[in-house]
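Heads up, the thing below is written out as structure tokens.
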2 protein chains.
Amino acid sequence: MQSQHDYSTCQSCAQRFNSVFCKAREEYVKAINDQKICNTFKKGQLLFNEGAYPFGVYCINEGKIKLSHQGDDGKEQIIRLLKAGDVLGYRALLSGDRYGASAVALEDTKVCFIPKEIFITVLKNDTGLAFEMMKLLSDELHKAEVKLTHLAQKPIRERLAETLLFIKETYGFEEDGITLNVRLSREEIANLVGTATESTIRLLSDFKKDGMVELDGKKIKILQHKLLLQTANLQD
Amino acid sequence: MQSQHDYSTCQSCAQRFNSVFCKAREEYVKAINDQKICNTFKKGQLLFNEGAYPFGVYCINEGKIKLSHQGDDGKEQIIRLLKAGDVLGYRALLSGDRYGASAVALEDTKVCFIPKEIFITVLKNDTGLAFEMMKLLSDELHKAEVKLTHLAQKPIRERLAETLLFIKETYGFEEDGITLNVRLSREEIANLVGTATESTIRLLSDFKKDGMVELDGKKIKILQHKLLLQTANLQD
DNA sequence: CCGCAAACATGATTTTTGTCATGTTTAATC
DNA sequence: GATTAAACATGACAAAAATCATGTTTGCGG
């Protein structure tokens with residue numbers, strides 16, 4: 001099938017060695033390249049919806065994506081933040097399940113869609129890729145279980161501080177070395193922390209008063225060393 | 001190496017087709033059998049400790065095990081419950097990481113230890129096992145992410161009801177078809193729900209008043225249909 | 001540039017949940 | 001079977017967090 005947009009080839013992709021495919025054999029990368037379908041999503045656009053059946057995986061070439069659950073009462077819970085080089089959609093595919101979460105672009109994003117058949121075929125034949133996949137799943141599982149513990153045991157103030165540091169780990173800083181390199185609404189931050197929007201707004205103001213962050217609309221500057229103290233519950 | 005206790009062979013193990021090894025090829029099951037080290041753990045005994053390095057995986061022949069994190073303040077968070085046929089220790093092994101959680105026997109338990117080398121070798125050569133492993137990891141990841149959402153969004157009452165149903169899903173009922181087939185302390189249930197022990201005790205009493213459970217020490221009888229309503233937030 | 005909706009902000013209040021205190025029951029050990 | 005520590009239970013209170021109410025600011029489309 002013909003690519004809708006051609007981000008050159010997988011072989012020469014800037015994310016080639018930056019993804020789960022880093023150890024994949026060249027011949028299989030080529031095979032994936034022949035089948036991939038590239039596409040762009042505008043900020044706010046849906047890549048796939050919770051409950052739908054997966055027909056392949058997505059590889060992010062450029063941009064940012066959030067993966068979120070819909071709680072029973074309709075409230076969003078953001079479970080992962082993804083960036084260039086990340087792959088998404090594999091969890092449902094490997095479980096033989098529907099998507100457990102929805103994927104939405106946080107900014108204009110370029111992704112390549114890799115059809116299920118070729119992905120599974122390569123996975124069957126390339127041990128390196130299979131092990132990378134298992135490592136990726138294991139790492140995600142570990143992160144989820146740590147987050148679970150924190151959600152159960154830490155107060156919101158600490159969780160917010162941790163979340164800001166997590167955002168920094170994921171997306172890094174802008175050139176100034178202090179501004180988080182992503183624009184999230186207060187509500188999205190709340191849905192990442194697992195709290196009410198108002199609580200997040202209030203605590204961000206507190207953090208500002210305490211000199212741990214600077215706020216300029218959706219631009220958030222963080223002072224890492226001060227936030228680190230906060231997460232360790234050592235603030236006083 | 002000689003087994004310390006011989007629970008017959010992996011080939012004839014009662015859990016042979018009940019575990020992640022269900023699709024593994026016979027020759028590899030035999031290879032694992034030659035290397036396995038069987039052992040028993042008394043109730044309360046530690047199989048491995050958070051932070052230690054993994055040297056293999058454990059396959060449960062008989063018994064029950066809890067996997068738990070230590071929160072920063074030392075509070076236990078139970079992240080998984082395991083039973084006969086389940087495998088544990090693979091997460092850290094596949095991540096190339098230390099154990100992220102400790103494993104403790106909930107009752108007298110027989111396990112077989114499968115050394116890292118043979119496990120990895122078989123995983124490399126048996127695609128069926130590798131895919132089962134990926135499915136297992138994907139399923140665990142999904143469960144963790146759903147639990148995360150509930151932890152963030154549901155009140156404790158609902159989470160306790162869900163937890164009781166989860167225990168039932170995992171360990172089932174005793175012969176009477178109503179008593180949960182495991183003995184957990186109130187504190188352990190609290191550490192599974194993610195709440196204070198007193199809250200759990202209080203809510204269990206409420207549940208009893210409302211005719212959703214019957215309590216007899218650590219024996220808990222549950223009325224599933226009533227608890228199901230509770231989880232859906234339809235109690236009133 | 002204006003109008004408007006969404007996002008942000010903040011105070012007041014209520015609800016939920018955790019903590020502390022204290023007593024009772026249970027179960028393990030000698 | 002007495003001793004004793006741990007587990008269970010419950011009330012009173014404090015703390016944390018959500019909700020509700022009400023403005024203010026921001027950014028977008030005309």
Side-chain angles (χ1 to χ4, degrees), chain A residues 42-44 71-77 106-107 149-163 182-210 213-220 230 233 235-236, chain B residues 42-45 71-77 104 106-108 149-161 163 180 182-210 213-221 230 233 235-236:
Chain A
K42 289 269 166 207
K43 177 178 173 168
D72 292 351
D73 53 351
K75 193 180 177 199
E76 173 187 53
Q77 180 68 31
L106 288 172
E107 54 185 53
T149 302
H150 289 181
L151 212 40
Q153 301 190 354
K154 294 197 167 193
I156 293 187
R157 192 179 170 90
E158 285 178 53
R159 301 214 313 268
L160 174 59
E162 267 176 6
T163 298
V182 65
R183 298 291 172 268
L184 294 169
S185 69
R186 302 292 192 263
E187 188 178 5
E188 284 173 317
I189 296 174
N191 294 344
L192 209 40
V193 174
T195 186
T197 307
E198 293 95 324
S199 299
T200 297
I201 290 172
R202 241 182 278 273
L203 280 172
L204 278 175
S205 297
D206 282 5
F207 281 9
K208 185 177 173 181
K209 271 196 209 93
D210 297 348
V213 305
E214 288 172 38
L215 303 172
D216 173 16
K218 288 196 174 57
K219 276 191 205 169
I220 299 178
Q230 191 61 233
N233 208 353
Q235 69 271 29
D236 290 338
Chain B
K42 290 270 167 206
K43 176 178 174 169
Q45 257 196 300
D72 292 351
D73 52 352
K75 193 179 178 199
E76 173 188 52
Q77 180 68 32
V104 172
L106 289 172
E107 54 185 53
D108 292 359
T149 302
H150 289 182
L151 212 41
Q153 301 189 353
K154 294 198 168 195
I156 292 187
R157 192 179 171 89
E158 285 178 53
R159 300 212 316 265
L160 175 59
T163 298
L180 291 179
V182 66
R183 300 290 172 267
L184 294 170
S185 68
R186 304 292 192 262
E187 188 177 6
E188 285 172 318
I189 296 174
N191 294 345
L192 209 39
V193 174
T195 187
T197 306
E198 293 95 325
S199 299
T200 296
I201 291 171
R202 241 182 278 273
L203 280 172
L204 279 174
S205 299
D206 283 4
F207 281 9
K208 185 179 174 181
K209 272 195 208 93
D210 297 349
V213 305
E214 287 172 39
L215 303 173
D216 173 16
K218 288 196 174 56
K219 278 191 204 169
I220 299 179
K221 295 181 204 291
Q230 190 62 233
N233 206 354
Q235 68 273 30
D236 291 336

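The sequence lines fix the lettering, A, B, ..., with proteins before strands; numbering per chain opens at 1.
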- prompt: Any Lys/Arg nitrogen of B:Asp108 or B:Lys43 sitting under 4.0 Å from an Asp/Glu carboxylate oxygen of the other?
  reply: no
Report the distance from atom [atom1] of [X] to atom [atom2] of [N], rounded to the nearest whole Å.
| X | N | atom1 | atom2 | result |
| --- | --- | --- | --- | --- |
| B:Ile156 | D:dA17 | CD1 | C1' | 12 Å |
| B:Leu203 | C:dT15 | CG | C1' | 14 Å |
| A:Asp73 | D:dT19 | CG | C1' | 14 Å |
| A:Asp206 | D:dA17 | CG | P | 12 Å |
| A:Arg157 | D:dA15 | CZ | P | 16 Å |
| A:Lys75 | D:dT19 | NZ | C1' | 12 Å |
| B:Asp216 | C:dT25 | CG | C1' | 13 Å |

Check whether any side-chain heavy atom of [X] lies under 4.5 Å from a side-chain heavy atom of [Y], and answer yes or no.
| X | Y | result |
| --- | --- | --- |
| B:Arg186 | B:Leu215 | yes |
| B:Asp72 | A:Gln153 | no |
| A:Ile189 | A:Ile220 | yes |
| B:Lys208 | B:Glu214 | no |

field: Side chain A:Gln230, main chain A:Glu158, donor-acceptor under 3.5 Å
entry: no
query: Just by distance, do the side chain of B:Arg159 and the backbone of B:Lys154 share a donor-acceptor pair under 3.5 Å?
result: yes
Protein-nucleic acid N or O pairs under 3.5 Å, nucleotides 7-13 of chain C:
from: C:dA7; atom 1: O3'; to: A:Lys218; atom 2: NZ; distance (Å): 3.4
from: C:dC8; atom 1: OP1; to: A:Lys218; atom 2: NZ; distance (Å): 3.3
from: C:dC8; atom 1: OP2; to: A:Arg186; atom 2: N; distance (Å): 3.0
from: C:dA9; atom 1: OP2; to: A:Arg186; atom 2: NE; distance (Å): 2.9
from: C:dA9; atom 1: OP2; to: A:Arg186; atom 2: NH2; distance (Å): 3.3
from: C:dT10; atom 1: OP2; to: A:Ser205; atom 2: OG; distance (Å): 2.9
from: C:dG11; atom 1: N7; to: A:Arg202; atom 2: NH1; distance (Å): 2.9
from: C:dG11; atom 1: O6; to: A:Arg202; atom 2: NH2; distance (Å): 3.1

task: Just report the end-to-end axis angle for the helix from C:dC1-D:dG30 to C:dC30-D:dG1, five pairs per end, to 10 degrees.
output: 50°
- prompt: Where is the tightest heavy-atom contact between A:Gln77 and B:Ala152, given as atom of each residue plus distance?
  reply: OE1-CB, 3.3 Å
